[in-house]
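For clarity, every value in this text was computed on a predicted model and none was experimentally measured.
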Amino acid sequence: MNSALLLNYSTFGYLFASFIYVAAFLFKSNKAALGGTFFTAITVIGQTAALGLRWYESYQIGIGHAPLTNMYESLVVFSWTIAGFYLYLEFKFKNRTIGAFALPFAFAAMVFAESGWLNISQEINPLIPALQSNWLIAHVMTCFVGYAAFAVACGIGVMYIIKDSSANKDEGLMGTFPPLRVLDEINHKTMVFGFIWLTAGIITGAIWANSAWGTYWSWDPKETWSLITWFFYAAILHARFTRGWQGTVVAWLAIGGFFNVLFTYYGVNFLLSGLHSYGS
Amino acid sequence: MSKKKNSIWMFFASVKLALFVLFILATASIIGTIVPQDAPPQEYHQFYGSVLEGVGLYSAKAVSIVTKISTILSIDDMYRSWWFNSLLGLLSLNLIICSIERLPDVWRLVVMDNHQTKIGRLSSMRHKLILTSTDSIDQTTSKLQQLLASMGWATSKSEKEGGSLLFSQKTPWTRLGVYAVHLSILVIFAGAAVGFFYGHKGGLNLPETLSSKVIYQYGSGEELDLGFTIKCNWFHMTRYPNGAPKEYQSELVIIEDGKEILTEVIEVNHPLTYKGWTFYQSSFESHKKYIITVTNRDNDIPERFLVPLRQAVRWQNEELLFAVKDLVPTDTPMVYNFRLLVSDGKGGQHNLILEANTPKTLTRADGTEYVFQVKEFFSTGLQVAKDPGVILVYIGCGLMLAGLGVAFFMSHRRLWVYIHEQDGTTTILVAGTANKNKPGFERNFADISAKLINSQSFEVQK
């Protein structure tokens, strides 16, 4: 057993879990959705083991470091945090229909990691001196927990819009969704959660930059885009608290915010140059 | 209250202005990540040339006009431009005025005397419970105080409209959380301003074995006096088996008044700080020369020689003549051993292969032993910063996280209990509110209700 194989299984685990969640939703079967939870949990555990194994393997080839240092590893961690965060959300709000809209993100991240479409290396690379820091884990994990929450918020935004625009909001298929008011509430809480972790991610990044280069903020494209993302979600929260924005408009903003996150995460590395170029 | 009528004041206090400024800042920042920053002029000609070509408006004149506009608006160095920083200033002003505008009302809620709350308001609250008791008002009141205290709601009591009013609250100060977040942004800006006005950023290329009292400021190249001397004993670079750089290290010595105060090895991510100045390992430079250290084991006094490749050097006193003949590849890419030729003055010719920094002993015909050591001669590239504002920035960051936690996860919860006589029966009205996390408080209140009912001391009013 090696980490590459386990991660391959994880991809199929998330595909299978997504499939069950979607099927359970379409056939309105709560029991089947329980299977989705089961497979998600098993896959998260397996993927955790895979990440641990990859960490261990890196020590075996003499370059030991946490598996958080290139695009491949970050996509794996992204899918892992999405699935983990989703399970937490499901546990907290006791609704499994969200799984059909959240788990596909975890699956998609794994597909991008494994398929070779992005032309990224899956190898364990030695860690360049700039990345050899205790801040690596704190910075990457805080950012990705935030990103994961924003991904799930995007899925919830989609649910809200679908339910809101359907003729029969409380019957049939749409009846299995949480009520609009609850979806809006979960969406808001998820974005708040993501916002706090993004804040922590930016702060840990600033502290790390200061200990590596003596500059906590240098308007590098990654920093700038993370700040733009931060502004975006800060604006959503302010609009809600002071103007009472909610519902459909916030659902659309949650989707827009996630595109912002995707650009910060992926677009910056490939379209703009800067200090985070090793992430590619 | 006249200031409330002032429309300029209200403009600066508005959330609309904040959102507008954030929008402009975000847009400008996006442009700043696309247009190269702080690059040489010809790069802008090239950049705007290709942009104009892309939109089909290319002409030499257009390029020069766009480049000129970009220079005038400082788009080529935007984050340091007057208008970008003015926008940050405007945002700060907005935060300050908006906080001044709202804080008094919020403060009133934090410190207010909740015993003044009208009974009418209590009975219209969403969370309420009405109980009756067969005991007197006084007995019931003390019983309730006891019960509530055991649930963690210590109450204060007042007499009101012929009955008694109990009140208890939790964390009223959490209403200030959002202002702590606003304040934290100002603290971070203040830290940045301190760094801008009192901080220094510079660099220093320090050849091994040499020292310097100054560093060179970025941008201006101006000399900055450190107030002490910094010396580099050595620079090492290690590589992974595949040749990728593993670590850059420099041993630095701080010298003050001719005394060595501190010796420390720095590496990337592990800088050295002394008297506010921090030295970061940033780069290195090879001089294509080699340091040969030779020690006669009789007296153990090392002698150092600096030589280019294939150039012989003589140690007169010991009659030694030696040279680095060539570099010998190793299993690790980019890592070389040194082939040293030594003519020992007693007719002996020696051919030594030395690993970097690894000594090797040579014995001459007369029995004298010499220890040879070779390394490439480097300069260490140090980034040097003195930023007294960093501590403020960090305090601001801590305050921001704490403030966000308080603002989003803690609420001001209030509980009133009014005990009075109604139609000859002692009647108890329990009411509560929370300013945030209403579902959480709903559970809180249900829990309190259940405990009161289960205490068997009261009847639920039909």
Side-chain angles (χ1 to χ4, degrees), chain A residues 61-63 125-136 182 185 188-189 192-193 195-197 199-200 202-204 206-208 210-225 227-232 234-235 237-239 241-243 260 263 267-268 271-274, chain B residues 14-16 18-19 22-23 25-27 29-30 32-34 36-37 78-80 178 181 188 191-192 195 201 237-249 267-271 278-282 383-387 389-390 393-394 396-398 400-401 404-405 407-409 439:
Chain A
I61 56 174
I63 51 177
N125 295 317
L127 208 52
I128 62 167
L131 292 185
Q132 293 168 19
S133 165
N134 293 331
W135 289 104
L136 173 72
V182 175
E185 183 70 23
H188 170 66
K189 286 195 164 156
V192 163
F193 184 86
F195 183 71
I196 290 177
W197 284 94
T199 309
I202 294 174
I203 289 174
T204 49
I207 298 174
W208 185 4
N210 193 52
S211 74
W213 301 304
T215 312
Y216 50 82
W217 193 263
S218 50
W219 295 105
D220 150 78
K222 194 81 159 185
E223 288 173 351
T224 308
W225 271 96
L227 187 66
I228 292 167
T229 308
W230 193 82
F231 281 166
F232 194 93
L237 297 177
H238 278 87
F241 287 128
T242 63
R243 309 251 133 203
N260 214 322
F263 191 82
V268 170
L271 302 176
L272 308 168
S273 62
Chain B
S14 70
V15 176
K16 245 187 219 163
L19 292 178
L22 285 182
F23 179 75
L25 279 173
T27 313
S29 305
I30 291 172
T33 61
I34 297 166
Q37 294 293 300
M78 200 176 68
Y79 304 113
R80 268 178 288 213
V178 62
V181 177
I188 291 170
K201 293 238 151 72
M237 175 185 189
T238 52
R239 290 179 185 275
Y240 289 104
N242 71 354
K246 184 176 186 180
E247 198 52 88
Y248 308 116
Q249 294 179 312
E267 47 186 63
V268 184
N269 277 308
H270 292 99
T278 307
F279 298 87
Y280 300 86
Q281 181 70 62
S282 139
Q383 201 151 305
V384 189
K386 181 179 200 167
D387 189 345
V390 166
V393 173
Y394 285 2
C397 289
M400 178 180 284
L401 281 175
L404 285 173
F408 288 123
F409 299 125

Closest non-hydrogen atom pair between [X] and [Y], with its separation:
X       : Y       : value
G214(A) : A385(B) : O-CB, 3.9 Å
S29(B)  : I228(A) : CB-CD1, 3.9 Å
F231(A) : A26(B)  : CD1-CB, 4.2 Å

E185(A) meets the salt bridge (Lys or Arg N to Asp or Glu O under 4.0 Å) criterion, sequence neighbours left out, with K189(A)
Residues at least two apart in sequence or cross-chain that pass salt bridge (Lys or Arg N to Asp or Glu O under 4.0 Å) with R239(B), listed by chain then number, are none
Atom [atom1] in [X], atom [atom2] in [Y]: separation rounded to 0.5 Å?
X       : Y       : atom1 : atom2 : answer
T224(A) : M78(B)  : OG1   : CE    : 8.0 Å
L401(B) : I203(A) : CG    : CD1   : 4.0 Å
N242(B) : I63(A)  : CG    : CD1   : 7.5 Å
K246(B) : Q132(A) : NZ    : CD    : 8.0 Å
E223(A) : T33(B)  : CD    : OG1   : 12.0 Å

If I measure from the heavy atoms of chain A, does [X] come under 4.5 Å with its side chain, its backbone, both, or neither?
X       : answer
Q383(B) : side chain
L404(B) : both
T278(B) : neither
A18(B)  : neither
K201(B) : side chain

Of I30(B), L22(B), L25(B), the largest count of non-hydrogen pairs under 4.5 angstrom with chain A goes to I30(B)
Checked F409(B), Y248(B), Y394(B), F279(B) vs chain A; the most non-hydrogen pairs under 4.5 Å come from Y394(B)
In terms of heavy-atom pairs under 4.5 Å with chain B, the winner among L227(A), I61(A), T215(A) is T215(A)
Most contact-rich option vs chain B, by heavy-atom pairs under 4.5 angstrom, among T242(A), I202(A), N125(A), I196(A), is I196(A)
Can you classify the ring geometry of W219(A) versus Y79(B) as parallel (below 30°), tilted (30 to 60°) or perpendicular (above 60°)?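 Correct class here is parallel.
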Which region of [X], side chain (C-beta onward) or backbone (N, CA, C, O), has a non-hydrogen atom less than 4.5 Å from a non-hydrogen atom of chain B, or is it both or neither?
X       : value
W197(A) : neither
F193(A) : neither
L237(A) : side chain

- Going through the distances and angles, do Y216(A) and D387(B) end up as a side chain to side chain contact (heavy atoms under 4.5 Å, CB included)? CA-CA 10 Å; Y216(A) 50 82; D387(B) 189 345; 3.6 Å; yes
- Item | Over 12 non-hydrogen atoms of neighbours within 6.0 angstrom of CZ in F241(A) | yes
Point to revise | Test item: side-chain donor near acceptor, N269(B) and W208(A), under 3.5 Å | key: yes
Report task. Scan side-chain atoms only and decide if W213(A) and S282(B) contain a donor-acceptor pair under the 3.5 Å cut-off. Result -> no
Quiz item: Is the side chain of E267(B) donor-acceptor paired with the backbone N or O of P129(A) at a distance under 3.5 Å, no angle test?
Solution: no
(request) Ignoring hydrogens and angles, tell me if any N or O in the side chain of Y240(B) forms a donor-acceptor pair with the backbone of G62(A) under 3.5 Å. (result) no
